[in-house]
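Here's the structure we're looking at; comments come further down.
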Protein chains: 2
Amino acid sequence: MGAARPDGARGRIDKRQAILDGAFTIFARDGYHTAGMDAIAAEAKVAKHTLYNHFGDKENLFREVVAALSDQALARNLAAVEQLREQGDLAAMLTETGRCLAECYCDERSSALRRLLHSEITTMPDLLDIVRDRASDRVNDALAARLARLALAGRLDLGGDPAIAAEQFGALLTGSLEARSRLGTRKIPQAELRAVAGQAAATFLRAFGTES
Amino acid sequence: MGAARPDGARGRIDKRQAILDGAFTIFARDGYHTAGMDAIAAEAKVAKHTLYNHFGDKENLFREVVAALSDQALARNLAAVEQLREQGDLAAMLTETGRCLAECYCDERSSALRRLLHSEITTMPDLLDIVRDRASDRVNDALAARLARLALAGRLDLGGDPAIAAEQFGALLTGSLEARSRLGTRKIPQAELRAVAGQAAATFLRAFGTES
DNA sequence: CTCGTTATGCACCGATGAGTGCACTTTAGC
DNA sequence: GCTAAAGTGCACTCATCGGTGCATAACGAG
């Protein structure tokens with residue numbers, strides 16, 4: 001890193017982060033198998049040896065990339081769920097939360113993560129646990145908790161388990177989005193995103209709402 | 001194929017089918033990239049040259065496999081949807097249709113098809129069109145038509161477009177199933193399958209039912 | 001200044017896998 | 001039975017790619 005390091009890479013420690021970023025870019029673009037370690041090294045502006053010094057081998061690097069991505073996704077998803085409060089226009093809040101969740105779901109990084117997950121799930125089944133433990137499960141729990149509080153406040157009548165209602169709200173969103181985004185290939189315009197969220201919220205409220 | 005061909009392979013034409021079957025087995029087990037043409041030839045009990053005579057190259061073979069699988073999936077899914085008639089216990093019918101659709105969705109072949117689709121969608125975007133044209137869209141249309149007839153008979157009150165209601169019923173099923181089956185990794189027991197279908201039908205009827 | 005750590009560049013190995021060439025055998029149709 | 005098409009087996013090419021070795025350069029700490 002010669003003279004005054006004009007761009008990034010200030011110290012030793014952020015080599016690691018540069019590698020993770022570059023690796024994700026290449027993995028996302030080419031898929032796990034097609035992505036080459038040379039390409040990753042080039043993208044991260046790092047010698048190939050440095051990859052192996054930091055991460056051992058390709059598979060491990062991939063795992064770490066998945067973990068890092070899960071953490072990023074968690075933060076964004078939780079922020080969306082936290083918008084659900086006990087007072088305010090329920091339909092509007094649900095729609096807005098849904099829209100944010102939908103945006104997270106359609107984010108390029110999330111789409112790529114799902115694609116990579118699907119393609120390697122048979123050879124590395126533990127990947128799913130990484131993602132679940134770090135993101136999916138926590139988001140679901142958070143959503144279930146919010147819904148439960150709304151039920152307690154008399155604003156929802158979840159038939160039984162709040163976890164199932166949360167799962168179904170998520171399903172209404174993601175099921176539609178997966179189809180409409182062509183598995184993450186097509187960018188869904190904001191307006192359509194809002195429409196999907198609105199329809200999910202409407203159906204959810206028709207099923208579980210107490211006011212109408 | 002010496003003497004009296006004790007097992008399969010009676011004529012010339014079913015070499016093609018043998019290859020498609022074998023190729024799918026290997027693709028499903030190993031994924032597109034890891035699957036080797038030698039392994040496919042061995043699985044299909046066919047010389048490697050025969051693969052290339054019939055299908056030209058690996059990518060084209062893959063496409064044909066995907067198309068064949070889509071056709072199979074379509075048949076099973078349509079059979080499930082056709083159980084939805086205008087008379088009879090609505091909740092029971094919806095649950096049963098949902099259960100059959102869920103079974104199709106969780107079928108090993110369908111799970112593998114989805115995995116392969118996800119992993120190669122970036123390099124072969126036309127794969128999705130193959131599957132949509134041959135299966136997904138048709139199933140959705142058929143379901144929407146059935147729901148529309150139920151609405152016309154006064155047994156459902158779909159807010160607006162029947163296609164959206166159909167999409168949402170599908171989403172309630174597949175969204176839950178994708179999570180619970182660990183992306184097709186875990187085999188979901190019959191009882192749980194029925195429970196998921198029942199919950200989807202219940203929520204759908206709470207939202208769109210006219211009887212309650 | 002010096003020493004140990006970390007990064008770099010480059011050549012290299014070994015394995016794997018798609019696709020081909022060729023000589024040979026089997027089968028279907030006339 | 002004969003011929004042309006289709007299938008077989010095997011060796012082979014060519015390219016790619018994960019991972020390593022080595023000699024060298026930059027850097028941080030004492």
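Residue numbers start from 1 in every chain, and the chains themselves are labelled A, B, ... in the order their sequence lines are given, proteins ahead of strands. Remember, predicted model here, so these are calculated numbers, not experimental data.
Between B:H33 atom NE2 and D:dT16 atom P there is a gap of 15 Å when expressed in whole angstrom units. When the C1' atom of C:dA18 is taken as reference, atom CZ of B:F55 falls 17 Å away, rounded to whole Å. As rounded to whole Å, 15 Å separates atom C1' of C:dG17 from atom CG of B:L61. Counting to the nearest Å, the P atom of D:dT16 and the NZ atom of A:K58 are 15 Å from each other. For A:Y52 and D:dG21, the OH to C1' distance is 14 Å, given to the nearest whole Å. In this structure, A:N60 atom CG and D:dG18 atom C1' are separated by 15 Å, rounded to whole Å. Separating the CG atom of A:L51 from the C1' atom of D:dC17 is a distance of 13 Å, rounded to the nearest angstrom. Atom pair A:R16:CZ and C:dT6:P shows a separation of 14 Å (rounding to whole Å applied).
Among the nucleotides C:dG19, C:dC22, D:dG7, the one closest to the side chain of B:M37 is C:dG19. For A:K48, counting side-chain heavy atoms from C-beta on, the closest listed nucleotide (D:dC22, D:dG7, D:dG18) is D:dG18. Closest to the A:H49 side chain, of the nucleotides C:dG21, D:dG7, D:dT20, is D:dT20.
The minimum heavy-atom distance between A:L150 and A:R85, with the atom names listed, is CD2-O, 3.7 Å.
Comparing B:T34 and A:N53 along DNA chain C, the residue whose closest nucleotide (by nearest heavy atom) sits nearer the 5' end is A:N53.
Nucleic acid contact class of B:A41 (heavy atoms, under 4.0 Å, all strands): none. Using a 4.0 Å heavy-atom distance criterion, A:A39 is classed as making no nucleic acid contact.
Here the straight-line distance linking atom CD of A:E120 with atom CZ of A:R115 works out to 13.0 Å at 0.5 Å rounding. Taken to the nearest 0.5 Å, the CD1 atom of A:I188 stands 7.5 Å off from the CZ atom of A:R180.
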Query raised in the report: Can A:E178 and A:Y105 be said to form a side chain to side chain donor-acceptor pair (under 3.5 Å), step by step?
Result: CA-CA 9 Å; A:E178 181 161 320; A:Y105 187 88; 3.2 Å; yes

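Contact annotation: B:T50 side-chain N/O to D:dT8 OP1/OP2 distance is under 4.0 Å. Of the side-chain N and O atoms in A:H54, one or more sit less than 4.0 angstrom from OP1 or OP2 of C:dA7.
Salt bridge annotation for B:R16-B:D21: absent, with no cationic side-chain nitrogen under 4.0 angstrom from a carboxylate oxygen.
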